[in-house]
Amino acid sequence: MNNLEIDFSGKVIVVTGGSRGIGRAIVESFCGSNGRVYILDMDEKSARETVNEVTSRGGEVSFLPLDVSDHAMVRKVLGSILSEEGHVDVLVNDAGVSLPKPFAECTEKDWDFVVGINLKGTFNTSNVLFPSMIQRRYGKIVNIASIAGKLGGGFLGTSIYGASKAGVIGLTKGMAREGGPYGINVNAICPGVIRTAMGNAIPEEHQKVIIQGTPLRRYGEPYEIGNVVAFLASDLASHITGEIMDVDGGIVRD
Ligand SMILES: NC(=O)c1ccc[n+]([C@@H]2O[C@H](COP(=O)([O-])OP(=O)(O)OC[C@H]3O[C@@H](n4cnc5c(N)ncnc54)[C@H](O)[C@@H]3O)[C@@H](O)[C@H]2O)c1
């Protein structure tokens, strides 16, 4: 039997950081497959642009402002989606920040900022939605980690970033073990360098070195992450959980 269509009709999907960059490509990928998407983000201007464009193509997408590092706010906003829709089928934790700064100059505030969004933010949303997914015996969580979470950061002064993404990888594996018996799949994607505001912020000379060390010899495009997220969030990937998948042009080969 061949059943390779991805169709998210009737599915409620939450994408944090969905306003722009990789998150926007993830939103487009779900909306292109008939999903009902909520963007939770702090960048209202980009969110409005994304909502207008995706809606004009027939996609079903809404925006709710949210700082993922604020647990009380996450509980409130996700609570409002649960009361409106009755359930959330798919959660994608994409919201993230990078702070290229030499480790010797980093402060406690820097740590709290990066870890608060990248790792605690992933905890906050997953923690709020997990009980309802357990109750329904269904849920898909896809976390956007980074190859920096595997290799360690530090290349461009991103040690804290690497540590936060290593935490996301650990959390993904744990949630997959705990969620598996209840029909919840939890996976993570480790992008390499992707052409977004974050990827383009890398200085030109470093970009050249990175591309030389990438077997496919180019940056990734946001839609190349969107495609894999849609696959992992679909029932095509029903027997995959706890997987930490590199989508990096071949940089990490372990
Ligand atoms: N671009 C890359 O090369 C790359 C590589 C590896 C991993 N990643 C990861 O992919 C994800 C998306 O990155 P991107 O390149 O699209 O970056 P981006 O800066 O273009 O987008 C990040 C999104 O997250 C949102 N965001 C930031 N802080 C938030 C908060 N506190 N609450 C809610 N939303 C918040 C931003 O408003 C933005 O919409 C991040 O988790 C990033 O770490 C990116």
Side-chain angles (χ1 to χ4, degrees), residues 14-29 37-51 61 63-74 76-78 91-100 112-125 128 142-153 155-156 158 160-169 171-172 188-203 206-207 210-211 213-214 218-226 228-229 244-249 251-252:
V14 168
V15 182
T16 72
S19 292
R20 61 168 199 252
I22 293 173
R24 177 182 165 141
I26 293 169
V27 169
E28 288 176 339
S29 172
V37 177
Y38 285 87
I39 295 173
L40 308 186
D41 203 303
M42 287 174 74
D43 180 351
E44 296 214 25
K45 187 173 170 283
S46 302
R48 302 274 172 221
E49 283 166 20
T50 299
V51 167
V61 60
F63 164 65
L64 295 171
L66 176 69
D67 175 354
V68 293
S69 68
D70 180 338
H71 190 87
M73 197 176 164
V74 169
K76 198 168 153 212
V77 170
L78 287 176
L91 166 67
V92 182
N93 287 303
D94 168 82
V97 286
S98 170
L99 185 74
D112 289 344
F113 172 63
V114 176
V115 175
I117 294 172
N118 296 358
L119 181 54
K120 189 184 169 202
T122 301
F123 160 75
N124 283 341
T125 51
V128 169
V142 184
N143 297 323
I144 307 302
S146 169
I147 58 169
K150 284 186 163 180
L151 302 173
F155 297 110
L156 302 162
T158 49
I160 298 178
Y161 178 77
S164 73
K165 294 298 188 177
V168 170
I169 290 171
L171 188 61
T172 301
I189 290 175
C190 292
V193 189
I194 308 299
R195 203 147 295 284
T196 66
M198 192 186 279
N200 290 334
I202 296 172
H206 291 303
Q207 291 195 24
I210 292 168
I211 288 169
T214 306
R218 63 174 177 83
Y219 268 23
E221 298 298 330
Y223 78 87
E224 293 177 296
I225 305 297
V228 182
V229 171
I244 310 301
M245 192 178 282
D246 302 326
V247 185
D248 66 346
I251 298 175
V252 176

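When a ligand or atom number is given, it counts from 1 through the structure's own listing order.
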Does [X] come within less than 4.0 Å of ligand 1, judged by its heavy atoms?
X: Gly220; value: no
X: Arg195; value: no
X: Tyr219; value: no

_Between Asp112 and Lys120, does any NZ, NE, NH1 or NH2 come within less than 4.0 Å of an OD or OE carboxylate oxygen?_
no

*asked:* Under 4.0 Å between a side-chain nitrogen and a carboxylate oxygen: does that hold for Glu224 and Arg195?
replied: no

If I apply the N/O under 3.5 Å rule, does [X] come out as touching ligand 1?
X: Ile117; answer: no
X: Ser69; answer: no
X: Val97; answer: no
X: Asp41; answer: yes

_With side-chain hydrogen bond (donor to acceptor under 3.5 Å, both in side chains) as the criterion, how do Asn118 and Ser164 come out once you've worked through the C-alpha distance, each side chain's angles and the decisive distance to 0.1 Å?_
CA-CA 6 Å; Asn118 296 358; Ser164 73; 3.1 Å; yes

Proximal atoms of ligand 1 relative to [X] (non-hydrogen, under 4.0 Å):
X: Gly199; answer: 1 (N), 3 (O)
X: Asp67; answer: 30 (C), 31 (N), 32 (N)
X: Tyr161; answer: 6 (C), 7 (C), 8 (N), 9 (C), 42 (C), 43 (O)
X: Asp43; answer: 37 (O)

Can you check which of [options] brings a heavy atom nearest to [atom]?
atom: atom 40 (C) of ligand 1; options: Asp248, Asp94, Ile144, Val193; answer: Asp94
atom: atom 44 (C) of ligand 1; options: Leu66, Thr125, Ile22, Thr16; answer: Ile22
atom: atom 1 (N) of ligand 1; options: Val247, Thr196, Ile225; answer: Thr196
atom: atom 4 (C) of ligand 1; options: Gly149, Gly192, Ala95, Pro65; answer: Gly192

*Going through the distances and angles, do Asp94 and Thr16 end up as a side-chain hydrogen bond (donor to acceptor under 3.5 Å, both in side chains)?*
CA-CA 5 Å; Asp94 168 82; Thr16 72; 5.7 Å; no

*Does a donor on one side chain and an acceptor on the other come within less than 3.5 Å for Asn143 and Thr172?*
yes

